[in-house]
Enquirer: 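Below you'll find the structure I mean.
All values below were derived from every heavy atom in this structure, side-chain atoms included, with hydrogens, water molecules and symmetry-related copies excluded. Numbering of residues begins at 1 and proceeds along the displayed sequence.
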Amino acid sequence: MLRHAVLTCELAPGAAFSEVELETRYRLGRAGIRAALQVLAAEGLVAPLPRQGWQAKPITGAFIGDVITARRQAEATIAYVKLTTSARERVQTLVMLAATLAGRQDPQALVTARVTDRQILDLLADRTNWFHRKWLRELWDHSQRVVCFLEAGEVQYRPLSREDLFEALAASDRAGATAELSRDIDQFETFVSRALLRRPEDLLGRSQQRSARRSRVQKLTRSTGKGARGEPGSTAKS
């Protein structure tokens, strides 16, 4: 429940909260909340605030850049995945389901398409080793949170078709699979860029906004003070 709240930005990036608040809001036991927060902290989704409680991981431009860079490195492992007969059938079924949802515009279809896409990725991650599986799932969780944070109005993120990726993996075409994985990350990066062009203030946390306002006020005050003494503000040196 708490993971879902963080990934969907119900607990907004950068927001501070206490265990008591979570207990009241979600009607969960304190011991369970504390254990869950420790797990989420280990995954980089939340962080403890000394003597204050907890904070959902802030989302900044640098953070998004790190996620994209890490995905490009980690997801390359999927190109080497070998699908068993049963895994191939399960992935193919999900790929076909995603294809039927691709042309639909209703909100529920988009939600289902995203869930299906994540199921495909998780199945592929299951074919890697323990370390890669852990890193991949955490990176995809962070990507999901970025999408939820930046989406607004007509700016919606739609998963890329996995048909070509499935065909490449089924044929052991590593180059083709790598190209498809890269294309998916490119699409994510394009979505982020377009969303930020529309709402660049989204990456300014409240503390940064307050700092920026203080800086403007201080500059204005210095300029006004110098003007009162007959000194041109434009010639003032910091």
Enquirer: Taking the side chain as every heavy atom from C-beta outward, state whether P13 and P58 have any atom pair closer than 4.5 Å.
Expert: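 P13 vs P58: side chains apart.
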
Enquirer: Check whether any side-chain heavy atom of Q55 lies under 4.5 Å from a side-chain heavy atom of F17, and answer yes or no.
Expert: no

Enquirer: Determine whether a donor-acceptor pair (N or O, by modelled atom type, separation under 3.5 Å) exists between the side chain of E21 and the backbone of S18.
Expert: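 Judged by distance alone, yes, a pair lies under 3.5 Å.
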
Enquirer: Do you see a donor-acceptor pair shorter than 3.5 Å between the side chains of Y157 and Q144?
Expert: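 Looking only at side-chain atoms, Q144 and Y157 do not form any donor-acceptor pair under 3.5 Å.
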
Enquirer: From D173 CG over to E167 CD, what is the distance, rounded to the nearest 0.5 angstrom?
Expert: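 The CG atom of D173 sits 10.5 Å away from the CD atom of E167.
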
Enquirer: Provide the closest heavy-atom pair for A168 versus A177 in the form atom of the first, atom of the second, distance.
Expert: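 Scanning both residues, the minimum pair turns out to be CB-N, 3.5 Å.
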
Enquirer: Atom CD in E189, atom OG1 in T69: separation rounded to 0.5 Å?
Expert: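 Separation between the atoms: 8.0 Å.
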
Enquirer: Mark yes or no for whether E151, through its side chain, and Q156, through its backbone, hold a donor-acceptor pair below 3.5 Å.
Expert: no

Enquirer: I need the minimum non-hydrogen distance between A125 and L136, along with the two atoms involved.
Expert: CB-CD1, 4.2 Å

Enquirer: R162 side chain to V95 main-chain N or O, any donor-acceptor pair under 3.5 Å?
Expert: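 Such a contact is absent between R162 side chain and V95 backbone.
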
Enquirer: If hydrophobic clusters are built from ILVMFWY residues whose side chains come within less than 4.5 Å, do V81 and I120 share one?
Expert: yes

Enquirer: Is there a donor-acceptor pair closer than 3.5 Å between any side-chain N or O of T100 and the backbone N or O of L97?
Expert: yes

Enquirer: Could you check R194 against T190 for side-chain contact (heavy atoms from CB on, under 4.5 Å), going step by step and ending with a plain yes or no?
Expert: CA-CA 6 Å; R194 289 177 177 174; T190 298; 3.6 Å; yes

Enquirer: May I have the step-by-step check of side-chain contact (heavy atoms from CB on, under 4.5 Å) for W54 and L49, ending in yes or no?
Expert: CA-CA 5 Å; W54 296 80; L49 292 176; 5.9 Å; no

Enquirer: Who passes salt bridge (Lys or Arg N to Asp or Glu O under 4.0 Å) against R118, sequence neighbours left out?
Expert: D122, D141

Enquirer: Is it the case that the side chain of S143 and the backbone of L139 share a donor-acceptor pair, with hydrogens and angles ignored and the cut-off at 3.5 Å?
Expert: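 A pair under 3.5 Å: yes.
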
Enquirer: Grouping I, L, V, M, F, W and Y whenever their side-chain heavy atoms are under 4.5 Å apart, do L160 and F166 come out in a common cluster?
Expert: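 As far as the 4.5 Å side-chain criterion goes, F166 and L160 are not connected within one cluster.
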
Enquirer: In the hydrophobic clustering that connects Ile, Leu, Val, Met, Phe, Trp and Tyr at side-chain heavy-atom distances below 4.5 Å, which members other than W130 occupy its cluster, ordered by chain and number?
Expert: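 W130 clusters with F131, W135.
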
Enquirer: Please determine whether the number of non-hydrogen atoms from other residues, nucleotides or ligands lying under 6.0 Å from atom CZ of R158 exceeds 12.
Expert: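 Yes, the 6.0 Å shell around CZ holds more than 12 heavy atoms from other groups.
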
Enquirer: Under the side-chain contact (heavy atoms from CB on, under 4.5 Å) rule, what do K57 and L45 come out as? Steps first, then yes or no, please.
Expert: CA-CA 5 Å; K57 175 77 174 181; L45 294 172; 5.5 Å; no

Enquirer: I need the R72 CZ to S182 OG distance, nearest 0.5 Å.
Expert: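 Output value for this atom pair is 5.0 Å.
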
Enquirer: Of all residues at least two apart in sequence or in a different chain, which pass the side-chain hydrogen bond (donor to acceptor under 3.5 Å, both in side chains) check with D164?
Expert: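 For D164 there are no side-chain hydrogen bond (donor to acceptor under 3.5 Å, both in side chains) partners, ignoring immediate neighbours.
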
Enquirer: Are D66 and R71 close enough for a salt bridge, meaning some N to O gap below 4.0 Å?
Expert: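 No, this pair does not count.
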
Enquirer: Would you compute the distance between atom CZ of R90 and atom OG1 of T84 and round it to the nearest 0.5 angstrom?
Expert: 8.5 Å

Enquirer: Decide, yes or no, whether a salt bridge links R3 with E43 under the criterion of side-chain N to carboxylate O below 4.0 Å.
Expert: yes

Enquirer: Answer yes or no: is there a side-chain heavy-atom contact under 4.5 Å between L169 and L124?
Expert: yes

Enquirer: Going by heavy atoms in the side chains, are R127 and K82 under 4.5 Å from each other?
Expert: no

Enquirer: For residues C148 and C9, report the shortest heavy-atom separation together with the two atoms involved.
Expert: CB-SG, 4.0 Å

Enquirer: Find the distance between CE (M1) and CD1 (I33) and round it off to the nearest 0.5 Å.
Expert: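 The CE atom of M1 sits 10.0 Å away from the CD1 atom of I33.
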
Enquirer: Any link between L123 and L121 through a network of hydrophobic side chains (Ile, Leu, Val, Met, Phe, Trp, Tyr) touching at under 4.5 Å?
Expert: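 Yes, one cluster joins them.
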
Enquirer: Looking only at heavy atoms, which two atoms of L181 and A79 are closest? And how far apart?
Expert: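 Looks like CD1-N, 3.9 Å.
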
Enquirer: Is the shortest heavy-atom distance from the side chain of R137 to the side chain of D126 under 4.5 Å?
Expert: yes

Enquirer: How many angstroms lie between atom CD of E180 and atom CD of E75, to the nearest 0.5 angstrom?
Expert: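 Reported to 0.5 Å precision, the distance equals 12.0 Å.
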
Enquirer: Does R25 pair with E10 as a salt bridge, N-O distance under 4.0 Å?
Expert: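 Salt bridge flag = yes for E10 with R25.
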
Enquirer: Indicate yes or no: at least one non-hydrogen side-chain atom of L11 is less than 4.5 angstrom from one of L22.
Expert: yes

Enquirer: Check whether any side-chain heavy atom of V147 sits under 4.5 Å from a side-chain heavy atom of R114, and report yes or no.
Expert: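 Yes - at least one pair of side-chain heavy atoms lies under 4.5 Å apart.
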
Enquirer: Give the minimum heavy-atom separation between T8 and A5, together with the two atoms involved.
Expert: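 Looks like OG1-O, 3.6 Å.
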
Enquirer: Honestly curious: do L40 and Y26 fall in one hydrophobic cluster under the side-chain, below-4.5 Å linking rule?
Expert: yes

Enquirer: Under a 4.0 Å threshold between the charged nitrogen and the carboxylate oxygen, would R27 count as salt-bridged to E23?
Expert: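 Answer for the salt bridge query: no.
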
Enquirer: Is there a path from I59 to L2 through hydrophobic residues (I, L, V, M, F, W, Y) whose side chains come within less than 4.5 Å of each other?
Expert: no

Enquirer: Do R174 and Y80 form a cation-pi contact, if we require the NZ or CZ to be under 6.0 Å from the six-membered ring centre and within 45 degrees of the ring's axis?
Expert: no

Enquirer: Go through the steps to decide whether F149 and V146 satisfy the test side-chain contact (heavy atoms from CB on, under 4.5 Å), and finish with yes or no.
Expert: CA-CA 5 Å; F149 180 60; V146 169; 5.6 Å; no

